[in-house]
Undergrad: 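Take a look at this one; I'll ask things after.
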Amino acid sequence: MSKKKPSKEWLHKQNTDQYVKQARESHYRSRAIYKLQEIDQRDKLIKPNYCVVDLGSAPGSWSQYASERVGAKGRVVAVDILPMEAVDRVLFTLGDFTDEAVEKTLMEQIGEKKADLVISDMAPNLTGIRVTDQARSIGLAEIVYDFCQQALKPGGNLLIKLFEGAGTSEYRQLLKEGFGKVMTRKPGASRDKSREFYILALSYRL
Ligand SMILES: C[S@@+](CC[C@H](N)C(=O)[O-])C[C@H]1O[C@@H](n2cnc3c(N)ncnc32)[C@H](O)[C@@H]1O
């Protein structure tokens, strides 16, 4: 299968973007690190010894960051449909998160004590048809919420990427049923023009 060539516009943006430069100069694999870092610094999301589940983890900058933050006694469980180069102390599963067998593997890796935090930077494959893409994004987010109901310990938290559009306010409402507090975050590294934003849902209650 031939790989799609990046557009000139995309390459230009990549080469001039301060966060891309910063990521290249550090050991992080993607500029996405700065989105998680900013939210973490503000909301104190990731703590030593935590069990963190990283959904849609490739190429791996969130997993790198989470693994550093949880330390040697913490755990990071990660999954992606794309391969990911190994990250220290990260248990990676290659597969589609929505497959039952993949979910079962993740639950085994998380273990009985359950997870303190689920982070999802997943975005479905885009078709270019906005209504379809939005519906898929919300569909995936609903599966993430179902997963949280099994995987999170009481008091656990969720950080999830969404795209502004149909279904987002209903999704917020849904999260309010299961979490004590639901907030919106748009970190500096998230491009202004992008409809992307993050929802932070705190204090999962059974
Ligand atoms: C924006 S990237 C994540 C970047 C990552 N946070 C980082 O810091 O390197 C989104 C990822 O979600 C993955 N993804 C999308 N749908 C998925 C699914 N159903 N199951 C697993 N991974 C999925 C994609 O393959 C892609 O690698």
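Sequence positions, counted from 1, serve as the residue numbers for this chain. For ligands, and for the atoms within them, numbers begin at 1 and follow the listed sequence. In this text the structure is predicted, and so the values were computed from the model without any measurement.
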Undergrad: Say whether D80, considering both its backbone and side-chain N or O atoms, lies within less than 3.5 Å of an N or O atom on ligand 1.
TA: yes
Undergrad: If only side-chain N and O atoms count, and only distance matters, is there a donor-acceptor pair under 3.5 Å linking S169 with Q173?
TA: no
Undergrad: Counting only nitrogen or oxygen atoms and a 3.5 angstrom limit, does W62 reach ligand 1?
TA: yes
Undergrad: Return the CG to OH distance between D40 and Y65, rounded to the nearest 0.5 Å.
TA: 3.5 Å
Undergrad: Which of the listed options, M84, M122, K35, Q64, holds the heavy atom that is closest to atom 18 (C) of ligand 1?
TA: M122
Undergrad: Using a 4.0 Å heavy-atom cut-off, say whether S57 meets ligand 1 through its side chain, its backbone, both or neither.
TA: backbone
Undergrad: Looking only at distances, please establish whether an N/O atom of ligand 1 is found under 3.5 Å from an N/O atom of L82.
TA: no
Undergrad: Do S67 and D88 get their side chains close enough for a donor-acceptor pair, meaning under 3.5 Å?
TA: no
Undergrad: Would you say G60 and ligand 1 have an N/O pair spaced under 3.5 Å apart?
TA: yes
Undergrad: Compute the shortest N/O to N/O distance between D121 and ligand 1 and return yes if it is under 3.5 Å, no if not.
TA: yes
Undergrad: My understanding is that we take every heavy atom of each candidate and find the minimum distance to atom 2 (S) of ligand 1. Doing that for A32, P59, A58, which one comes out nearest?
TA: A58
Undergrad: Between S30 and ligand 1, is there a nitrogen or oxygen pair with a distance under 3.5 Å?
TA: no
Undergrad: Among protein heavy atoms, which lies nearest atom 12 (O) of ligand 1, and at what distance?
TA: G56 CA, 3.4 Å
Undergrad: Would you say the ring centers of F147 and F97 fall short of 6.0 Å from each other?
TA: yes
Undergrad: Taking the side chain as every heavy atom from C-beta outward, state whether L106 and L55 have any pair of such atoms under 4.5 Å apart.
TA: yes
Undergrad: Can G95 be said to touch ligand 1, with heavy atoms closer than 4.0 Å?
TA: yes
Undergrad: Has P124 got any heavy atom lying under 4.0 angstrom from an atom of ligand 1?
TA: no
Undergrad: Does atom CZ (R130) have a neighbourhood of more than 12 heavy atoms from anything else shown, all under 6.0 Å?
TA: no
Undergrad: Look at K21 together with E25 and state whether they make a salt bridge at an N to O cut-off of under 4.0 Å.
TA: no
Undergrad: Can you tell me if T184 and R172 form a side-chain donor-acceptor pair at under 3.5 Å?
TA: yes
Undergrad: Is the contact between R29 and ligand 1 made by the side chain, the backbone, both, or neither, using heavy atoms and a 4.0 Å cut-off?
TA: neither
